[in-house]
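Taking it in order: structure first as structure tokens, then the write-up.
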Amino acid sequence: MTPEQLSSAIVDVLATLTDEGSVVLADGVPSSASVERPRQKGHGDYATNVALQLAKKAGTNPRALAELVAERLTGVEGIADVEVAGPGFLNISVDAGAQGVVAAQIVAAGDAYGSSDAFAGEKVNLEFVSANPTGPIHIGGVRWAAVGDALGRIFAATGAEVTREYYFNDHGGQIDRFSGSLLAAAQGRPTPEEGYGGQYIHDIAAAVVAQRPDLLSLDDAAAQETFRAVGVDMMFAEIKKSLHDFGVDFDVYFHEDDLHRSGAVTRAVERLTELGNTYEQDGALWLATERFGDDKDRVVIKSDGTGAYLSGDLAYYLDKRERGFDRCLIMLGADHHGYVGRMNAMCAAFGDRPGVNLEILIGQMVNLLRDGQPMRMSKRAGTVVTIDDLVGAIGVDASRYALARYSSDSNIDLDLDLWAKATSDNPVFYVQYAHARVASILRNGADLALVADPESFDPALLVHDKEGELLRALVEFPRVVAAAAELREPHRVARYLEDTAGSYHRFYDLCQVLPQGDQEPSDLHRARLMLVAATRTVLANGLALLGVSAPERM
RNA sequence: GCCCCCGUAGCUCAGCUGGACAGAGCAGCGGCCUUCUAAUCCGCCGGUCGCAGGUUCGAAUCCUGCCGGGGGCACCA
């Protein structure tokens, strides 16, 4: 018996009561009832507040309505007990057998367990990281690499068709500053004002020179052009490799420069002009974003005739829509939150719906702590912490887990010393250890010729407190995944896994799974083995959604 | 000045989109290993949910105003 089944059982009872006239609901019978795991022990396996929510519409008091529902619900198969409590809660206890059968269902579903069709048929475009190719990816970009990729996996699990995109800003002035910095480094001059410093600039400059030895005999303009052409590609290859090593690969690397060269920018601007949303002033072309909720109007074509940064975004958005994406999500750091207003306004100016067709997610800043002290970062001094630094310090699994474990709304302080530890302080180890323990039992069981077998599985034997607790945790998984997709909050999966790992560890502590010594395997051993196998399915599937490995041994 | 995010136990954070006496991990104190991996488990200690109003049968959760922290307010990208 799952919470979903319980919900429809409650709805059925309400329908029956309505049909026979003992209850009259103003808005009719709801399509579902909220079913939750109570926090408090002694409040049953599940609790629902339907009576509290419907009492007013039924023109009665909550407890009276609850009593009516409880009476009918008690007779439903699989439900062991129903109590009315407090102001009108229904506390429901489920039959061990009805609860236990889900273990076999989870094992049968395997990799697909947790998936749903909540977003079936939707084409979702996820744009994230999109760091400028002027340096390695720093810590802020890494947060989105972890969170964005996890979100992509979660969306895919809910049936969406997901495309991951990286917008490659290879058009504007920062590329000039980058190539200028390479040239200066190659010539042994100091980093130009507004340029990029750091060891990587020297490394790339040297690599470019090695590839093009003739370079230094060219005049500065030609040399810089070569540094641009070759250096940007090298930088980009390095970024791609770092991301790949991090377990993140994009389906599309979109070049801003292409939008300008192909005329896509011109077309997008023309479209907005046809819609009456642009005007000329001071020699520039403006987009009237203020009428769509932005603070003020924005320049699209600068007075020198070149496109402002926004012009690329316009064209890029239009391009995504023309490629058939219903939902375009863009993930940005908090330092870009000023963009949200104009981007949403731009979306509306095209006649689309902001928040639906275009959704901008803002992630707050990440600080790193070492020895309890914040690490100072400076782009000019080249003391930026990069993706490779982070992975080098704590590894891919801990990096991804640590970054995906917190709400993106919070700025976070990551203690590198903690996340590097292989101890229980470190949440990723807690979860992975649970998986390793599961794997170990399954291995040992196999040695005894014991496997989780649906034929011999008797779910009614799983009557222990900790078995029930674990089963109820496992059953939550699909709801958690769906909520994580709906709310764009991958951290819910991580928190859920910690909770479930805890339930497993407690079960493990009190319930012996395998026969000991010369003991003959009993049906209880087999039933518990099925529960363990189901736990493996959930932990492995959950970790996979976060892009974190599920080790067989630790 | 305006905009966005945050403010919950000593620390780091959850809190199922308003529900029952506020949760977890760590830190502190105290327990359990001849038995499936003790990186686990159990108990104790610990909170005016920043402050003040409001909405509600019910508020950490919604609204308003303050206070504190972080990040932004270019014809840069």
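Given the structure is predicted, the values throughout are model-derived calculations rather than measurements. Throughout, protein chains are lettered first and strands after them, A, B, ... in sequence-line order, and every chain is numbered starting at 1.
A distance of about 24 Å separates the C1' atoms of B/G46 and B/C6, rounded to the whole Å. Spacing between B/U61 and B/C49 at atom P, rounded to whole Å, works out to 10 Å. Distance check on atom C1': B/G15 versus B/A24 gives 10 Å, rounded to whole Å. Rounded to the nearest Å, the gap between the C1' atom of B/A39 and that of B/C33 is 14 Å. Across B/C26 and B/G43, the matching P atoms stand 13 Å from one another, rounded to whole Å.
Figure legend. B/C57 is base-paired to B/G19; pairs are counted as Watson-Crick or G-U wobble with both atom distances under 3.5 Å. Nucleotide B/A24 is matched to B/U12 when pairs are restricted to Watson-Crick or G-U wobble geometry with both distances under 3.5 angstrom. The partner of B/C73 is B/G1, by the rule that a Watson-Crick or G-U pair needs both atom distances under 3.5 Å. If you check B/U64 for Watson-Crick or wobble pairing at under 3.5 angstrom, you find it paired to B/A52. Nucleotide B/G43 forms a pair with B/C29, judged by Watson-Crick or G-U wobble geometry with both contacts under 3.5 Å.
Residue contacts shown for A/Arg405 are absent, as no nucleic acid heavy atom lies under 4.0 Å away. Using a 4.0 Å heavy-atom criterion, one finds that A/Ser407 contacts the sugar-phosphate atoms exclusively.
Minimum atom distance to the side chain of A/Ile412 is reached by B/C13, of the listed B/G71, B/U37, B/C13. Of the candidates B/A39, B/C13, B/G71, the closest approach to any side-chain atom of A/Tyr433 belongs to B/A39. Considering only the side chain of A/His505, B/C41 comes nearest among B/G71, B/C41, B/U17. Between B/C13, B/A20, B/C36, one nucleotide has an atom nearer to the side chain of A/Phe89 than all others, and that is B/A20. Of the candidates B/C75, B/U12, B/U37, B/C75 carries the atom nearest the A/Ala284 side chain, counting heavy atoms from C-beta on.
An OP1 or OP2 oxygen of B/A24 is reached within less than 4.0 angstrom by no side-chain nitrogen or oxygen of A/Tyr496. At B/G15, one or more side-chain N or O atoms of A/His491 fall inside 4.0 Å of OP1 or OP2 (strictly under the cut-off). Contact check, A/Asn411 against B/G7: no side-chain N or O comes under 4.0 Å of OP1 or OP2. A/Ser408 has no side-chain polar atom (N or O) that falls below the 4.0 Å cut-off from OP1 or OP2 of B/C6. Proximity of A/Tyr430 to the phosphate of B/C26: no side-chain N or O atom is located under 4.0 Å from OP1 or OP2. Taking 4.0 angstrom as the limit, A/Lys296 places none of its side-chain polar atoms (N or O) nearer than this to OP1 or OP2 of B/C73. Taking side-chain N and O atoms only, A/Arg437 has a distance below 4.0 Å to OP1 or OP2 of B/A38.
Between the base of B/C75 and the side chain of A/Ser303 there is a donor-acceptor pair shorter than 3.5 Å. In terms of polar N and O atoms assigned as donor or acceptor, the side chain of A/His337 comes within less than 3.5 Å of the base of B/G71 in a complementary pairing. In terms of polar N and O atoms assigned as donor or acceptor, the side chain of A/Gln364 never comes within less than 3.5 Å of the base of B/C6 in a complementary pairing.
Of the inter-residue distances, the one linking A/Arg506 atom CZ with A/His464 atom NE2 reads 12.5 Å to the nearest 0.5 angstrom.
A/Gln174 and A/Thr134 share no donor-acceptor pair across their side chains, judged by distance under 3.5 Å alone.
Remark: A/Arg370 CZ is loosely packed, at most 12 non-hydrogen atoms of other residues, nucleotides or ligands lying under 6.0 Å away.
At least one cation-pi condition fails for A/Arg526 and A/Phe457: the charged atom is not both under 6.0 angstrom from the six-membered ring centre and inside a 45 degree cone around its axis.
For A/Tyr401 and A/Phe429, the ring centers sit 6.0 Å or farther from each other.
Look at A/His336 and the base of B/G72; the rings do not stack under the cut-offs of 5.5 Å between centres and 30° between planes.
Toward the 5' end of RNA chain B, the nearer of the two residues A/Lys56 and A/Ser34, judged by each one's closest nucleotide, is A/Ser34.
The nearest pair of heavy atoms linking A/Pro38 to A/Asp45 is CD-O, 3.2 Å.
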